[in-house]
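Below you'll find the structure, written out as structure tokens, and then a few comments.
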Amino acid sequence: MTPVLELRNITKRFPGVLANDHINLTLEEGEIHALLGENGAGKSTLMNILYGLYHPDEGEIYIRGQRTQINGPTDAIRQGIGMVHQHFMLVPVLTVTENVMLGNESVKGLVLDRKAVAARIREISQRHGLEVDPDVRVEDLSVGVRQRVEIIKVLYRNANILILDEPTAVLTPQEADDLFEILRSLRSQGVSIIFISHKLREVLALADRVTVIRRGRVVGETPTKDANQAMLAEMMVGRRVALTVQKPPAKPGEVVLAFKNLKVLDNLMHLAVNGASLEVRAGEIVGVAGVQGNGQTELVEALTGLRPVQDGTITIAGKDVTNASPRVITECGVAHIPEDRQEDGLVLPFPIHDNLVINTFYHPPFANGWVVNHEAIRQQAERLVQEFDVRTPSAAVPVATLSGGNQQKVIVAREMSRPIKLLIANQPTRGLDVGSIEYIHRRILEKRDQGVAVLLVSAELDEIMGLADRIAVMFKGKFTAVVDADEVSKEQVGLMMAGSSLEEALAHAPKPVSKEREIVT
Amino acid sequence: MAVTTAPAAALGAYAARRERRKAIAYGVFFLLVAAAIFVLFVRNSAPGMESTFKLNPATRERVIEVPDLVVPTRETLLVLAGLAGLLGVYQVVRGFRRVVLVLGLVALMFVAAFLVWAVRDKSINLLGIFTFAVAAATPIAFGAMSGVMCERSGVINIAIEGMMLTGAMMAVIVSSVTGQIWFGLLAAVLSAGVLGVFLAVMAIRFRVDQIIAGTAINIFALGITSFISQRFLQPIPALNSGGVFPKVAIPGLSQVPLIGPIFFNQTPIVYLLFLTVILIHFMLFYTRWGLRTRAVGEHPRAADTLGVNVFKIRYVNVIIGAMIAGIGGAYFTIGSVGRFDEAITAGKGFIGLAAMIFGRWTPFGGFGAALIFGFSDALQAKLQVLGKAQVPIPTEWLLILPYLITMIVLAGVVGRTVAPAADGKPYVKE
Ligand SMILES: Nc1ncnc2c1ncn2[C@@H]1O[C@H](COP(=O)(O)OP(=O)(O)OP(=O)(O)O)[C@@H](O)[C@H]1O
Ligand SMILES: [Mg+2]
């Protein structure tokens, strides 16, 4: 049988980078094919070539045995290719309906037929369990729902070759499981899927076959039934990766972050945080566990001065910083790794070295009075790029040209490289490969042991279970339980995240088994 | 906005306090307006004075005679000051739910008070002011519409002024030479369109800084029109007598009292404006093209991934936008005085841009803002007629007033930035 899709010898060069080096890939009909590789390995580049956004320097594309030129997304869409991009491709001020129909509009005469499209969206969302209100503006949607809109966009165009570039990076485990159900049902209808993820567990659970790319080259291809996590990790990174972290017990000190009865509104003016209180001490990691959309985003934004607090108090290192500006809060020694790296973490057109000093540029050695010291900024950048293994031809290129994971590393490098008292990390390893996750986890623990207070928000329960000393479960804008991480099992935390009380959870689910926990990636 | 409509007190102490402070600031402002009416106007009027506003067109033909509005000056001013004061007190004590509307109302009251005071013991044709305001607003509104077209697709058009100037000159030349005034209009549209092509190529293809490209066009247009004007138009009257569009009363509509003479007894260019505003609104929010335009202005890459041709959308929008500026330019010559003079547009293109911003990048908003600016022009012109003794204020100050009010109203409408997210940013395709 001819494969649905065949890529032959695809090569793509960017200035200073060989992003794809004679890559071959075949996709069979009704197959889920995982693409695995380090940050910057060239996965997104390859998919963008397939979708017509980039033009390959060499190589051919065959669709159902036919050699095909894909000169732009229009060609790709015509060939039945649909792509969910690594970073959202949604117009925030437009409604869901408008976003979905854009480029493929239904019209009655001259007038957009919003009703018909909204009906189609409702039908698609019902059939696949992708719940979304077609009439809401995208800017008012949570990240998880935006991802659903992206998938609806593709299904709306009846794609039969589906590319998903790290679709689960922004999803909760539950949402990811729902997505897998959808993908499996699409596969049974004959849709062929290319699936990119850094989560080996997902790849093994979902994919039929996996291709591993390293530094632009295919280094292996195997059916998933013959693969395991350790083997895939090694293939990807080129060395053995520790999938577990050794964690000495914490030695908590003074309270660094304390907030009481916090109330914060979301964009739709609902109380997203509704009376939350918590203390984080120096030298401990407090993990905030919760299903996405229970106020974690708004909480972190309030703590970092990005969103007004309606009621309650926040103190950092003894100083009242309720409704203080982000600058004041940063000056208190707070580091922030934001949830949405492109929105809140980086100035995309700026070079890497400027992004690395974007909240310290006015301090010596980066500035003397009014004058910026470019040399000091450049040197700092060289050092951090080395230290954090940011894959880039130079620190002078715009951050926008980095791969998603390497953009994340720039933020982590910036926030971890200055003296801090408190680290607020929201999804710090989102989109990172296993090797980088290992590295960043080690750095966070290092910070803890140096006496930094860490507030870790993560949708990855495994990350929370593996790193946190205490776990605060967030449910409907409140902390329903704050427990020592050793005293609960993953299942018990899961139950509490779904709304059970601590007593109920402790009574039902299995007890924690071992002290040494594992971070499964 | 939404914060004011939500029951702030229920949300917590900070929200309540912040809302309260804002509410009091509004109230104090209303009280200040009341005080200003009292100090500036009431104290400078005497009991027994009357202000007369005529509400009929100056021409003879009319179907329904509207009686003149005659009000006792001092009493009216006292009532206006009192009302503004009451609104202020209520705002401080209780607070209005839609305070921005009240702010607009208070601003309006101030303008009304000013007018009542200015025509004490005299009369003024209010209808005439409004009719003139619509005419004066026309080029500004065309400028705003041109801006809306371009900027909604993500290209800043600061060259509206230059496009208008060119259009104004070409209109008069072609109209003079052919004797066909409609050809003049067509020439204005086409010549401005050519400049639009130039701007589009510079901004979209060569990704030149759009402000610089626009400024270059403005300088070029000013230079070339001044040169042609001095060299040919002034010495050769045959080239500079294009005639003007006659006023055309729309049957029926123009007979409606008050509204009719203001809006429906104007030149075809004004009607073209109404049509343009409605069309742009329709196209922007109801058609495929409009959806794509807005998407391209906000997030061109997202549009690109769905197969929307970002460049094509921008080219077409910029060129059409330029043509609209050209119609606005034609107004200055064949729409009003019939001849071209150097720099005849007098910065109206830039004011059009301001109107677009004040109107938050919407066609009707821009039109409304243009009307306010037009009203300011009209007021200033008419008050000069009343004389220095009557209105002892330098005319420059009168000119500032409407802009000031608009800015205050807009500052009150604290909203998010509304400029399209990709406005002014060239799109780079990989
Ligand atoms: N537009 C561009 N200009 C210059 N270099 C680029 C561009 N896009 C990607 N690159 C470079 O190409 C390489 C591959 O990037 P790509 O985005 O394909 O990686 P990836 O495998 O998707 O990584 P990640 O898992 O982090 O998303 C990187 O070194 C990146 O810096
Ligand atoms: Mg990628």
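A, B, ... follow the sequence lines: proteins, then strands. Residue 1 opens every chain.
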Between A:Leu90 and chain B, which part of the residue has a heavy atom less than 4.5 Å away: side chain, backbone, both or neither? backbone
Could you check if a side-chain atom of A:Val111 sits within less than 4.5 angstrom of a side-chain atom of B:Phe282, using non-hydrogen atoms only? yes
Turns out that what part of A:Asn99 lies under 4.5 Å from chain B's heavy atoms comes down to backbone
A:Arg78, A:His85, A:Met83: which one forms the most heavy-atom pairs within less than 4.5 Å of chain B? A:His85
Within the structure provided, determine whether A:Pro73 and B:Asp304 are in side-chain contact (heavy-atom separation under 4.5 Å). yes
Please report the interatomic distance CG(A:Leu110) to CZ(B:Arg288), rounded to the nearest 0.5 Å. 9.5 Å
4.5 Å side-chain heavy-atom contact, A:Arg157 and B:Leu306: yes
Taking B:Tyr286 for the side chain and A:Leu112 for the main chain, is one N or O donor matched with an acceptor at less than 3.5 Å? no
Per-residue contacts, residues 291-299 of chain B versus chain A, heavy atoms under 4.5 Å: B:Leu291, B:Arg292, B:Arg294, B:Ala295, B:Glu298, B:His299
Paired with B:Val308, the side chain to side chain contact (heavy atoms under 4.5 Å, CB included) test is passed by just one of A:Leu102, A:Asn104, A:Thr74, namely A:Leu102
Close contacts, residues 268-279 of chain B versus chain A, judged by heavy atoms under 4.5 Å: none
